[in-house]
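For the single chain, residues carry numbers from 1 onward in sequence order. What's counted below: heavy atoms across the whole structure, side chains too, no hydrogens, waters or symmetry copies. Note that the structure is predicted; figures quoted are calculated from it, not measured.
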Amino acid sequence: MATTHNLGFPRIGAKRELKFAQEAYWKGQSTRDDLIQVGADLRARHWRDQAALDLAPVGDFAFYDQVLDMSFTLGNLPERVRGFHGDALDNYFRVARGRSAQSAEEHAECCGGVAAGEMTKWFDTNYHYIVPEFDAATQFTLDTTRLLAQLAEAKVLGVKAKPVIIGPVTYLALGKAKDGSDKLALLPRLQHIYAELLTALAGQGVEWVQVDEPILVTELAPEWQAAFTQAYQALDTGAVKLLLATYFGPLKENLPLAAGLPVQGLHLDTINARDEVDTLILAAPADRVISLGVVNGRNIWKTDLEGVLAWLEPVAKTLGDRLWIAPSCSLLHVPVDLGNERKLDAEVKSWLAFAVQKLEEITVLAAALSQGRATVEAELAANRAAIAARRTSPRVNNPAVKAAVARIDAALGQRKSAYADRAAKQAALLNLPLFPTTTIGSFPQTIEIRHARSQFKAGSIDAAAYTEAMRAEIARSVREQEALGLDVLVHGEAERNDMVEYFGEQLDGYAFSQGGWVQSYGSRCVKPPILFGDISRPKAMTVDWITYAASLTAKPMKGMLTGPVTILNWSFVRDDQPRSTSCLQLALAIREEVLDLEKAGVRIIQIDEAALREGLPLRRSQWREYLDWAVESFRITANGVADETQIHTHMCYSEFNDIIASIADMDADVITIETSRSDMELLGAFDDFNYPNQIGPGVYDIHSPNIPTEDHIVGLMRKAAERIPADRLWVNPDCGLKTRQWTEVIPALTSMVSAAKTLRATAS
Ligand code: GLN
Ligand code: ZN
């Protein structure tokens with residue numbers, strides 16, 4: 001009865017085979033054919049993993065990014081690479097990352113030295129795509145090579161193939177008009193190419209094509225809504241059947257539009273839009289296939305199968321053969337296979353499902369719908385037991401934490417005095433010069449650090465030896481900072497592998513996978529920690545390191561913590577309570593750390609909220625609610641300290657204008673932000689908004705190996721001083737220095753310190 005399918009499968013491979021193959025090729029350690037073979041092997045394996053489904057995606061595999069693949073299919077290459085010769089895959093990498101393999105650089109003169117494509121977040125996920133580029137003259141030309149080759153491969157392997165493409169409206173919406181022209185003016189040309197593409201697919205015997213239009217879950221201007229109607233009329237050629245896929249949220253006001261488009265099927269993300277199922281069925285024509293995303297494609301929890309069946313069975317009765325079921329979105333956003341986890345806490349593991357397991361859930365649900373629950377009683381019973389165990393486990397539920405969250409009141413997030421009073425007391429105590437200099441926290445993660453960490457992990461050195469090695473690194477960074485003449489020092493974060501994992505590992509309520517990798521962009525993968533239970537802090541996490549660092553210098557030593565919102569946004573989080581509740585629990589735990597640092601005599605404490613902005617919901621109408629609890633969580637973490645303790649926060653992105661008021665509400669004494677790449681453009685936010693506290697606009701772009709000159713930094717700071725009173729300005733880099741070398745960091749910070757001296761000398 002119900003047709004089962006999948007929207008997309010993680011492409012990196014359970015052991016990150018794609019990553020290693022890409023990187024080996026780029027470094028010139030393997031051939032292009034080797035890389036192409038790894039791609040084919042992964043596709044074949046992943047289709048086998050999906051063999052139980054009625055339809056499997058084809059075209060979801062990409063050697064770098066699926067949006068870039070679409071740009072190549074549409075012949076929409078940036079101007080700067082259009083004349084390139086050489087191999088298509090090499091050109092593809094040149095667009096993605098500025099260069100291809102070292103071995104392909106015989107074309108360096110004609111096809112080298114090109115800027116990498118701009119990258120940005122795929123909706124509200126942590127996946128980043130290469131932004132399509134347009135201008136008023138953009139022409140498209142169809143290139144079906146990749147898609148048809150993969151279809152042919154699938155055919156040989158007996159795969160029931162459903163090609164996947166990004167829809168024309170989403171493709172346009174995600175791209176950037178380099179000349180500021182109206183992107184929608186390109187739609188007639190674009191839809192023409194899409195129609196050709198569908199004809200080409202029909203020629204290969206394709207019946208269904210999945211067209212992804214996730215932009216439908218966002219607020220659309222009327223002309224973009226109209227673009228949908230126009231585009232899909234043009235694609236309604238009868239060549240193939242179209243499954244229009246929406247995901248990452250409810251359709252809301254776009255539901256009638258989506259339901260009315262001339263397509264043969266519509267996919268809805270019921271994890272986020274279950275209450276739209278009935279409306280959609282009523283609104284859609286009676287012959288429309290309705291595909292329901294019933295398994296969460298973005299988290300790692302087992303689905304409550306009987307919970308789903310309870311509402312899905314009546315829907316299945318209504319829809320009959322018109323019902324399809326699938327994960328809510330592409331499984332790109334989850335790790336591949338839980339079966340490979342050997343060390344993961346067994347109890348927590350029994351509550352989880354990765355991509356392979358999520359597809360098993362789909363087939364169990366389909367069997368229950370088609371042949372009755374009794375036919376899958378064993379599977380349902382096992383699932384029921386796991387769901388019940390998780391719900392009631394004392395590992396998940398900590399009454400003391402729940403009680404502490406219930407006791408939170410507004411006073412908890414309130415500093416004792418207003419900023420001006422605090423600032424006076426802090427100034428008297430810290431005695432800092434005008435334009436004080438500092439860094440954002442980390443210093444280079446040297447070979448020695450990495451070596452000691454891997455030895456410790458492998459058990460070849462003990463905890464005492466590891467601590468010794470880290471202390472030596474901390475002492476080194478303190479020495480370097482004193483020699484540089486920085487005003488506020490940091491310990492350098494040698495002991496931290498990652499700013500979230502480091503804290504997760506020390507908090508109760510967190511678990512860690514060994515192989516739970518998810519692609520972030522290109523060959524880069526992340527392994528988000530798993531927040532599974534009520535969060536508490538068994539003991540102090542950073543105090544020993546910071547007080548050791550402080551003991552080595554007479555200068556102020558800044559304590560360094562990751563804030564609750566960032567920890568939350570970079571973890572897999574619970575689905576059994578609101579994100580806001582998990583965030584408040586994290587806030588209470590980090591607050592204890594703040595207070596312990598203060599008690600230990602640390603006078604300046606920085607709480608990083610690098611990922612605060614990326615948690616913003618897709619729809620602007622929901623921003624307020626998110627910002628309210630995110631800011632409140634930060635305030636609870638930070639604001640329990642005495643007036644004399646100076647709180648810093650750090651954010652590393654440059655679009656502030658729309659959230660600046662919320663950032664001011666956090667009430668940190670000092671905020672350090674990224675600005676240098678935009679040449680202080682970001683400070684425009686401060687034209688209309690009078691930011692009340694102190695600011696350190698980043699003056700050294702740490703993402704680049706270039707060394708900023710003193711003059712450059714002085715110039716940037718003078719621009720900043722046009723908007724913010726000089727006595728509220730700090731001088732610091734954009735972000736942490738862990739990815740840089742000491743040989744770069746020392747000259748850059750030397751320029752920074754002398755720039756501060758020049759600024760002081762010339763301040764009126
Ligand atoms: N304190 C962190 C560091 O310096 C901040 C990193 C970040 O903002 N991403 O590494
Ligand atoms: Zn940063």
Side-chain angles (χ1 to χ4, degrees), residues 9-10 12 14 16 121-128 247-248 269 271-272 293 295-304 327-341 343-359 361 386-387 390-391 393 395-396 497-520 524-535 562-586 589 610-612 614-615 617 626 630 633:
F9 197 83
I12 53 169
R16 288 182 291 161
K121 273 161 66 80
W122 175 246
F123 294 84
D124 57 354
T125 72
N126 207 358
Y127 178 81
H128 301 72
Y247 41 81
F248 299 151
D269 167 355
I271 302 302
N272 289 297
V295 164
N296 195 329
R298 281 183 64 176
N299 75 15
I300 37 67
W301 303 108
K302 268 187 183 152
T303 307
D304 173 2
S328 58
C329 59
S330 167
L331 297 173
L332 181 63
H333 311 289
V334 294
V336 181
D337 189 357
L338 187 66
N340 296 331
E341 293 296 327
K343 290 197 187 145
L344 186 60
D345 178 294
E347 193 179 1
V348 174
K349 186 176 169 184
S350 71
W351 305 331
L352 302 181
F354 291 175
V356 167
Q357 289 70 37
K358 284 174 184 282
L359 294 178
E361 294 182 340
I387 299 292
R390 180 179 163 212
R391 197 169 288 145
S393 167
R395 305 273 308 282
V396 173
N497 41 354
D498 174 278
M499 66 187 282
V500 170
E501 193 169 74
Y502 179 76
F503 290 94
E505 277 171 351
Q506 301 186 72
L507 293 168
D508 279 352
Y510 260 105
F512 296 85
S513 68
Q514 268 183 296
W517 296 97
V518 178
Q519 187 179 20
S520 173
R524 193 162 152 80
C525 303
V526 294
K527 186 155 66 67
I530 300 167
L531 192 168
F532 69 86
D534 290 335
I535 293 293
T562 303
V565 187
T566 297
I567 297 183
L568 183 88
N569 284 343
W570 285 346
S571 300
F572 280 122
V573 296
R574 297 170 65 169
D575 60 349
D576 58 347
Q577 68 185 20
R579 293 170 73 79
S580 55
T581 307
S582 298
C583 200
L584 289 172
Q585 294 184 354
L586 287 163
L612 187 128
E614 53 183 76
Y626 166 78
S633 298

Query raised in the report: So, do Tyr247 and His333 have ring centers that fall under 6.0 Å from each other?
Result: no

**Report entry** Donor-acceptor contact below 3.5 Å, side chain Trp570 vs main chain Pro529
**Finding:** no

Query raised in the report: Any donor-acceptor pair under 3.5 Å linking the side chain of Glu361 with the backbone of Thr303?
Result: yes

**Report entry** Atom pair CH2 (Trp122) and SG (Cys329), whose distance is rounded to the nearest 0.5 Å
**Finding:** 10.5 Å

**Report entry** Under 3.5 Å donor-acceptor, Ser633 side chain and Pro564 backbone
**Finding:** no

**Report entry** Ser582: side chain to side chain donor-acceptor pair (under 3.5 Å) partners, not counting sequence neighbours
**Finding:** Gln577

**Report entry** Within-4.5 Å side-chain heavy-atom neighbours: Val526 and Asp498
**Finding:** no

Report summary line: CG of Leu584 to CZ of Arg579, rounded to nearest 0.5 Å, is 12.5 Å

Query - Flag, side chain of Ser350 to backbone of Ala386, donor-acceptor distance under 3.5 Å - result: no

Query - Reported CG-to-OH distance for the pair Leu332 and Tyr127, which is rounded to 0.5 angstrom - result: 6.0 Å

Requested in this report: Nearest 0.5 Å please: distance from the NZ atom of Lys358 over to the CH2 atom of Trp301.
Outcome: 10.0 Å

Report summary line: Heavy-atom nearest pair, Val348 first then Ala511, reads CG1-CB, 4.0 Å

Query raised in the report: To the nearest 0.5 Å, what is the distance between CZ (Arg298) and CZ (Phe123)?
Result: 10.5 Å

Query - Test side chain to side chain donor-acceptor pair (under 3.5 Å) applied to Arg395 - qualifying residues, sequence neighbours left out - result: Asp345, Glu347

Report task. Would you check, one step at a time, whether the test salt bridge (Lys or Arg N to Asp or Glu O under 4.0 Å) holds for Asp575 with Arg390? Result -> CA-CA 11 Å; Asp575 60 349; Arg390 180 179 163 212; 2.7 Å; yes

Query raised in the report: Please walk me through it: do Leu568 and Leu586 pass side chain to side chain contact (heavy atoms under 4.5 Å, CB included)?
Result: CA-CA 8 Å; Leu568 183 88; Leu586 287 163; 4.0 Å; yes

Query raised in the report: Judged by atom type as modelled, is there a donor-acceptor pair below 3.5 Å linking the side chain of Lys343 to the main-chain atoms of Ser513?
Result: no

Report task. Applying ring-ring contact (aromatic ring centres under 6.0 Å, His included), name anything that partners Phe512, two or more places apart in sequence or on another chain. Result -> none

Query raised in the report: Taking the six-membered ring of Trp351 as reference, does the NZ or CZ atom of Lys302 fall below 6.0 Å from its centre and within a 45° cone about the axis?
Result: no

Requested in this report: Can you sort out the partners of Ser328 under side chain to side chain contact (heavy atoms under 4.5 Å, CB included), two or more places apart, ordered by chain and number?
Outcome: Asp269, Ile271, Asn296

Query - Side-chain touch Ile567/Leu531, heavy atoms, less than 4.5 angstrom - result: no

Query - Validation row: Phe248, Asp124 side chains within 4.5 angstrom (heavy atoms) - result: yes

Report summary line: By salt bridge (Lys or Arg N to Asp or Glu O under 4.0 Å), Asp337 pairs with (sequence neighbours left out) none

Report task. For Arg574, enumerate each residue passing the salt bridge (Lys or Arg N to Asp or Glu O under 4.0 Å) test, keeping only those at least two apart in sequence or located in another chain. Result -> Asp534, Asp576

Query - Phe532 side, atom CZ; Ser393 side, atom OG - distance, nearest 0.5 Å - result: 7.5 Å

**Report entry** side chain to side chain donor-acceptor pair (under 3.5 Å) involving Ser571 - partner list, sequence neighbours excluded
**Finding:** Tyr510

Report task. Taking all non-hydrogen atoms of both residues into account, name the closest pair between Met499 and Ala610 and its distance. Result -> CE-CB, 4.3 Å

Query raised in the report: What pairs with Arg391 under salt bridge (Lys or Arg N to Asp or Glu O under 4.0 Å), at least two apart in sequence or on another chain?
Result: Asp304

Query - side chain to side chain donor-acceptor pair (under 3.5 Å) partners for Asn497, two or more places apart - result: Glu501

Requested in this report: Go through Phe9 and Leu359 one step at a time and tell me if the side chain to side chain contact (heavy atoms under 4.5 Å, CB included) criterion holds.
Outcome: CA-CA 10 Å; Phe9 197 83; Leu359 294 178; 3.8 Å; yes

**Report entry** Which residues share a side chain to side chain contact (heavy atoms under 4.5 Å, CB included) with Pro335, sequence neighbours left out
**Finding:** Ile300, Phe354, Val518, Phe572

Report task. For residues Leu338 and Leu344, determine if any side-chain heavy atom of one lies less than 4.5 Å from a side-chain heavy atom of the other. Result -> yes

Query - Nearest heavy atoms of Ala630 and Leu612, plus distance in Å - result: CB-CD1, 4.3 Å

Query - Any residue meeting salt bridge (Lys or Arg N to Asp or Glu O under 4.0 Å) with Lys121, in chain and number order, not counting sequence neighbours - result: Glu614

Report task. Using the test side chain to side chain contact (heavy atoms under 4.5 Å, CB included), find all partners of Ala589 that sit at least two apart in sequence or belong to another chain. Result -> Leu507, Ile535, Arg537

